Number of protein chains: 2
Amino acid sequence: MTAERRKAQERKSPAEAATGETRLALVDAALQLFGDKGFEATSTREIAARANANIASIAYHFGGKQGLREACARAVAMRLKTLVGEAILANEIPGDGDAALRILEAGLKAFAHFIITRPEARNIAAFMLREIGRPGPTLDLIYGELVDPVHTRLCELLGVATGRDPKSPTIKLAAFTLAGQVVYFRIGREVVLKKMDWREIGPDEADDILALIVGNLRAFVEANRSASS
Amino acid sequence: MTAERRKAQERKSPAEAATGETRLALVDAALQLFGDKGFEATSTREIAARANANIASIAYHFGGKQGLREACARAVAMRLKTLVGEAILANEIPGDGDAALRILEAGLKAFAHFIITRPEARNIAAFMLREIGRPGPTLDLIYGELVDPVHTRLCELLGVATGRDPKSPTIKLAAFTLAGQVVYFRIGREVVLKKMDWREIGPDEADDILALIVGNLRAFVEANRSASS
DNA sequence: GTCTATAAACAGATAGAC
DNA sequence: GTCTATCTGTTTATAGAC
């Protein structure tokens with residue numbers, strides 16, 4: 001046991017231990033495991049082992065396993081909000097329909113590219129989907145911090161692009177169908193790989209998917225454009 | 001303990017016990033709990049309690065918890081295949097593009113209506129999504145029995161409707177985006193309810209969603225129709 | 001802040017009576 | 001086929017040394 005103690009000391013400098021390094025490592029490890037196998041299926045021992053931390057450190061830093069879950073939700077919401085924010089939330093809402101469509105396309109591409117191609121997105125998406133499944137404090141956090149602001153902006157852009165009311169049910173539901181198409185390729189990835197005879201979803205395969213989804217966006221806008229076109 | 005024994009006897013007639021009544025009750029209870037909380041988060045004791053069966057009956061009938069999981073996958077695949085089969089698989093593939101589109105619309109409506117409005121669909125969809133997440137024997141079963149045949153037929157219909165090759169990447173991927181849109185409204189239901197200010201997704205709300213998804217299907221076919229239109 | 005050691009509850013599986 | 005009782009291992013949480 002003194003041998004293990006020494007090994008742990010080698011891995012971690014005093015400076016790392018002084019900052020929130022262990023905290024971050026725990027959240028990172030938990031996110032991977034919660035996403036991969038689910039919250040209940042993951043033991044605190046596994047998390048601690050992957051984070052090179054002690055089991056008791058979870059209780060110390062987060063109060064318990066549940067606290068770690070909420071810390072993960074917060075981390076994911078921030079991460080995705082930053083990502084989508086750069087593409088969607090940062091821009092002003094243009095008055096021109098074509099300009100709005102271009103921003104939508106760019107945002108959709110950025111989001112879809114991250115979700116579909118990035119390896120980290122696997123666990124992030126899986127974790128999110130599990131948490132979003134049922135009401136609770138974690139869902140409230142994700143909704144308020146991420147879903148609500150992004151969806152609202154998406155509707156505003158769709159509104160300008162089509163010339164319709166951003167608050168109409170059609171526009172609001174359409175924003176969900178866009179998200180649904182992207183998310184499906186992450187959730188149903190194994191099925192997609194089998195059916196498409198793909199070994200992986202690399203840049204080429206992602207381009208095919210992006211082209212289709214952007215095409216669907218354009219087709220929706222085209223089909224739902226009101227009067228002033 | 002003899003009192004409990006007597007109570008169990010009252011609940012179950014000898015005829016029920018003779019048939020696979022307990023088996024069915026166990027699968028039914030497990031499906032609800034696996035869908036609701038996930039496989040690992042569900043204890044065999046909970047399942048047995050909900051099914052009004054004994055804990056040991058799971059090992060007796062299914063060999064263990066894992067066997068029960070596979071029995072659930074089989075039951076769900078059969079159920080959905082029957083549902084979708086009536087709308088999609090039963091019909092001949094028409095040569096006429098408009099006829100193909102009509103069958104597609106009817107099938108999409110039937111599927112979406114079930115997934116979105118039926119209470120049982122909640123746990124069925126949640127269970128499926130969890131199992132579809134990662135490779136394994138359960139996924140193979142669901143893929144071979146349900147996803148592959150349904151997707152193939154969907155592509156054939158989309159092929160006729162657009163005049164394109166049913167085996168082209170665009171058509172195959174488009175079939176996934178259709179499924180993705182529907183599934184999203186089950187998975188993200190809580191978020192949709194919040195954002196739409198709906199208390200529930202009843203007939204009226206489902207009609208709104210169905211109209212949008214069918215509209216997206218039409219827009220896709222319109223935008224991707226090849227030469228011969 | 002990090003560690004070991006342990007408590008207290010609970011998991012899935014099974015033996016054997018009926 | 002169904003039941004009780006129990007075995008064996010694992011879980012989260014925590015007390016207390018360092």
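Computed from a predicted model, the values in this text were never measured in an experiment. The chains referred to below are lettered A, B, ... by the order of the sequence lines, with proteins before strands, and numbering in each begins at 1.
In this structure, CD1 of A/Ile55 is placed 14 Å from C1' of C/dA7, rounded to the nearest angstrom. Distance A/Glu46 CD to D/dT11 P: 7 Å, rounded to the nearest Å. Atom CD in A/Glu40 sits about 13 Å away from atom C1' in D/dT11, given to the nearest Å. Remark: C1' of C/dG1 and CZ of A/Phe62 are 13 Å apart, rounded to the nearest angstrom. As a whole-Å value, the separation of B/Ile58 CD1 from C/dA13 C1' is 11 Å. Distance, A/Phe39 CZ to D/dT11 P: 14 Å, rounded to whole Å. The CZ atom of B/Arg45 sits 13 Å away from the C1' atom of D/dT11 (whole-angstrom rounding). Between the NZ atom of A/Lys37 and the P atom of D/dT10 there is a distance of 13 Å, given to the nearest Å.
Contacts of B/Ser57 with the nucleic acid, taken as non-hydrogen atoms under 4.0 Å apart, are absent.
A distance of 13.5 Å separates CZ of B/Phe127 from CG of B/Asp36, quoted to the nearest 0.5 Å.
Here A/Asn54 reaches the OP1 or OP2 of C/dT4: one of its side-chain N or O atoms lies under 4.0 Å away. Taking 4.0 angstrom as the limit, A/Thr22 places a side-chain polar atom (N or O) nearer than this to OP1 or OP2 of C/dT2.
Using a 30° and 60° split on the angle between ring planes, B/Phe176 and A/Phe185 fall in the perpendicular class, above 60°.
A donor-acceptor pair shorter than 3.5 Å cannot be found between the side chains of A/Lys65 and A/Ser43.
By the 4.0 Å N-to-carboxylate-O rule, A/Arg74 lies too far from A/Glu145 to be salt-bridged with it.
Among the nucleotides C/dT14, C/dT2, D/dT2, the one closest to the side chain of B/Ala56 is C/dT14. Among the nucleotides D/dG1, D/dT14, C/dT14, the one closest to any side-chain atom of B/Ala59 is C/dT14.
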